[in-house]
Amino acid sequence: MRLIRNDFGRRGGARSSIRRRPVRPLALVLTAVLLLAVGVACATRDGSLPGTGDGQNMAGLGQRPGQAHRQAPPPQQPPPVPKVKQSPEQRLAAAQRWGLDEAPLVAPPPPKGKPELSTPEWADKGSGLIPAPASVPTTEKIAFLTIDDGAAKDREFLDMVRELQVPLSAFLTDESAAEDYGYFRDLHALGVSVQNHTLRHPQLNHVSEDEKYNEICGQQEILEREIGVRPTLFRPPFGDFDAETLAVAEDCGVRAAPLWNEEAFADRIDFRHDDQQFHPGDIILTHFNGPRAWGGTMCDMLRTVLRKLTEQGYALARLEDYA
């Protein structure tokens with residue numbers, strides 16, 4: 001409540017020529033009662049706004065300097081909407097709408113127990129560390145699509161993932177995803193898991209232990225707040241890491257640090273294997289990119305992946321069911 005000061009009789013100003021009547025005691029009493037009532041009303045007004053909780057001002061919660069305010073979502077998101085079972089005819093029709101000649105193959109049910117993951121020899125950093133697998137041990141002809149960073153936020157890609165019921169995993173970097181976490185909440189609602197790819201995408205084997213904690217644990221906190229689920233998987237940027245990186249990731253609540261055997265683009269797939277073929281359990285890397293980086297869209301990338309997988313008799317499966 002703002003008090004208005006009478007300008008008459010200000011120090012150094014002209015004195016009022018208006019004759020003032022003496023203030024009577026009754027008027028003083030009434031004025032005091034009125035001021036007291038107004039003061040109580042101001043003091044007892046609910047000082048909280050919708051969504052701030054117990055009057056706590058949550059503006060800027062978890063922000064970095066210079067970052068636009070984003071309203072924090074509830075701490076827990078509703079579970080993903082169950083997928084509607086499609087007939088083979090419906091799957092083919094959906095595939096054809098997205099420019100595919102054949103419907104993507106459907107992965108078999110995941111095992112009741114998760115397999116024991118291991119780090120390939122070319123990435124091994126010693127014993128006693130969480131695994132950094134480039135593939136998952138299985139005899140099934142399945143592969144796992146994982147998408148990094150979060151720069152491109154293609155709404156058509158959401159439609160394609162939903163209509164084709166594509167299982168995939170997103171590994172988000174805060175500096176890329178932060179401008180619109182709502183996009184990734186929508187992706188999560190389709191059954192896509194959201195995992196950790198650090199705050200600012202540094203080369204972790206070249207930074208201090210404190211910086212590793214900041215990058216990995218910091219992104220754990222942001223994703224738990226923004227998406228509603230705390231990640232259990234972490235991908236080191238560039239695939240570069242040391243033993244300390246894996247130890248820090250485990251301290252932050254991570255159980256595995258997936259690498260990859262293939263990288264997908266809008267128009268091609270690069271294979272680590274000499275035979276240029278998928279192998280059972282391979283993890284595929286791609287990025288949230290678009291025409292500026294690729295000359296194509298996220299939907300082009302997904303078409304490229306699904307065509308090649310189907311051609312070789314492979315289906316996509318959900319990495320979190322195995323890792």
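- Atom NZ of K308 sits in a sparse spot, with 12 or fewer heavy atoms from other residues, nucleotides or ligands closer than 6.0 Å.
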**Request:** Kindly indicate, with the supporting measurements, whether the criterion side-chain contact (heavy atoms from CB on, under 4.5 Å) is fulfilled by V194 and L187.
**Result:** CA-CA 9 Å; V194 176; L187 195 60; 5.9 Å; no
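- S169 and E320 form a side-chain donor-acceptor contact under 3.5 Å, judged by distance and modelled atom types alone.
- Annotation: the span from Q220 atom CD to T232 atom OG1 amounts to 8.5 Å, rounded to 0.5 Å.
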**Asked** Where do D174 and Y181 land on the side-chain contact (heavy atoms from CB on, under 4.5 Å) test, with the steps shown first?
**Response** CA-CA 9 Å; D174 185 60; Y181 270 113; 2.7 Å; yes
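- For the pair Y213 and E209, the minimum side-chain heavy-atom distance is below 4.5 Å.
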Please tabulate, for the side chains in residues 235-244, all donor-acceptor contacts under 3.5 angstrom to protein atoms that are two or more places apart in sequence or on a different chain.
unit_1	atom_1	unit_2	atom_2	d
R235	NE	P258	O	3.1
R235	NH1	T146	OG1	2.8
R235	NH1	D148	OD1	2.9
R235	NH2	T146	OG1	3.0
R235	NH2	L259	O	3.0
D240	OD2	Q203	NE2	2.8
D242	OD1	E244	N	3.4
D242	OD1	T245	N	2.9
D242	OD1	T245	OG1	2.7
E244	OE1	K212	NZ	3.1

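- By the rule that hydrophobic residues join a cluster once side-chain heavy atoms approach within less than 4.5 Å of another member, I147 and I283 end up as members of separate clusters.
- Here the OG1-CG distance, from T310 to L105, works out to 5.0 Å after rounding to the nearest 0.5 Å.
- Taking the six-membered ring where the residue is Trp, H279 and H273 present parallel rings, their angle staying beneath 30° rather than reaching 60°.
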**Request:** Start with the C-alpha gap between E311 and E102, add the side-chain angles, then the distance that decides, and say whether side-chain contact (heavy atoms from CB on, under 4.5 Å) holds.
**Result:** CA-CA 9 Å; E311 176 187 307; E102 299 179 75; over 6 Å; no
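- Salt bridge D186/R155: present, at least one basic N to carboxylate O contact under 4.0 Å.
- In this structure, I142 is a member of the same hydrophobic cluster as W260, with clusters built from ILVMFWY side-chain heavy atoms closer than 4.5 Å.
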Which pairs would a plain distance check flag for residues 93-101, meaning a side-chain donor or acceptor within less than 3.5 Å of a matching protein atom at least two apart in sequence or in another chain?
unit_1	atom_1	unit_2	atom_2	d
W98	NE1	E163	OE1	3.0

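- Both L164 and M301 are part of a single hydrophobic cluster, where members link through side-chain heavy atoms under 4.5 Å apart.
- Considering only heavy atoms from C-beta on, P291 comes within 4.5 Å of T297 through its side chain.
- The minimum heavy-atom distance linking T119 with A132 is given by the pair OG1-N, 2.7 Å.
- Side-chain atoms of L204 and I216, non-hydrogen and from C-beta on, do get closer than 4.5 Å to each other.
- Sequence neighbours left out, not one pair with a member in residues 154-174 passes ring-ring contact (aromatic ring centres under 6.0 Å, His included).
- Sorted by first and then second residue, the ring-ring contact (aromatic ring centres under 6.0 Å, His included) pairs with a member in residues 104-142 form an empty list; sequence neighbours excluded.
- Contact record, F234 with A249: CD2-CB, 3.9 Å, taken as the closest heavy-atom pair.
- Within the 4.5 Å cutoff, side-chain heavy atoms of L306 are placed close to those of L316.
- No side-chain heavy atom of F184 sits less than 4.5 Å from a side-chain heavy atom of L223.
- Here CZ of R225 is found 12.0 Å from CZ of R230. Values are rounded to the nearest 0.5 Å.
- Side-chain contact check for F271 versus D282: every heavy-atom pair is 4.5 Å or farther apart.
- A salt bridge between R255 and E250 is absent, with no side-chain N of the basic residue lying under 4.0 Å from a carboxylate O of the acidic one.
- When the side chains of ILVMFWY residues are joined at heavy-atom separations under 4.5 Å, either directly or via intervening members, L190 and V305 end up in a single hydrophobic cluster.
- Checked by atom type and distance alone, the side chain of D275 pairs as donor or acceptor with a backbone atom of Q277 at under 3.5 Å.
- The two residues Q90 and K85 come nearest to each other via the heavy atoms OE1-O, 4.1 Å.
- Looking at every heavy atom in both residues, Y322 comes nearest to P110 through OH-CA, 3.5 Å.
- Looking only at side-chain heavy atoms (C-beta outward), V136 and L117 come within less than 4.5 Å of each other.
- Atom NE2 of H201 sits about 7.5 Å away from atom OG of S176, to the nearest 0.5 Å.
- By the side-chain contact (heavy atoms from CB on, under 4.5 Å) test, D270 pairs with F265, R268, sequence neighbours left out.
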**Asked** Would E156 and M298 satisfy side-chain contact (heavy atoms from CB on, under 4.5 Å), going step by step from the backbone distance to the final call?
**Response** CA-CA 8 Å; E156 275 198 326; M298 294 290 295; over 6 Å; no
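- Of the possible polar contacts, one joining the Q195 side chain to the L233 backbone as a donor-acceptor pair under 3.5 Å is found.
- Considering NZ of K114 and CG of D321, their distance stands at 7.0 Å, rounded to 0.5 Å.
- Side-chain N or O atoms of Y314 include none that pairs as donor or acceptor with a backbone N or O of A107 at under 3.5 Å.
- The minimum heavy-atom distance linking I284 with A264 is given by the pair CG2-CB, 4.1 Å.
- For E211, the salt bridge (charged side-chain N to carboxylate O under 4.0 Å, His left out) test picks out R200, with sequence neighbours left out.
- Minimum heavy-atom separation, A247 to L129: N-CD2, 4.4 Å.
- Using a 4.5 Å heavy-atom threshold, the side chains of L199 and E175 count as separate.
- For the pair Q312 (side chain) and F278 (backbone), a donor-acceptor distance under 3.5 Å is present.
- Of the inter-residue distances, the one linking R307 atom CZ with L302 atom CG reads 10.5 Å to the nearest 0.5 angstrom.
- Hydrophobic clustering (ILVMFWY, side-chain heavy atoms < 4.5 Å, transitive): L309 and V192 are in one cluster.
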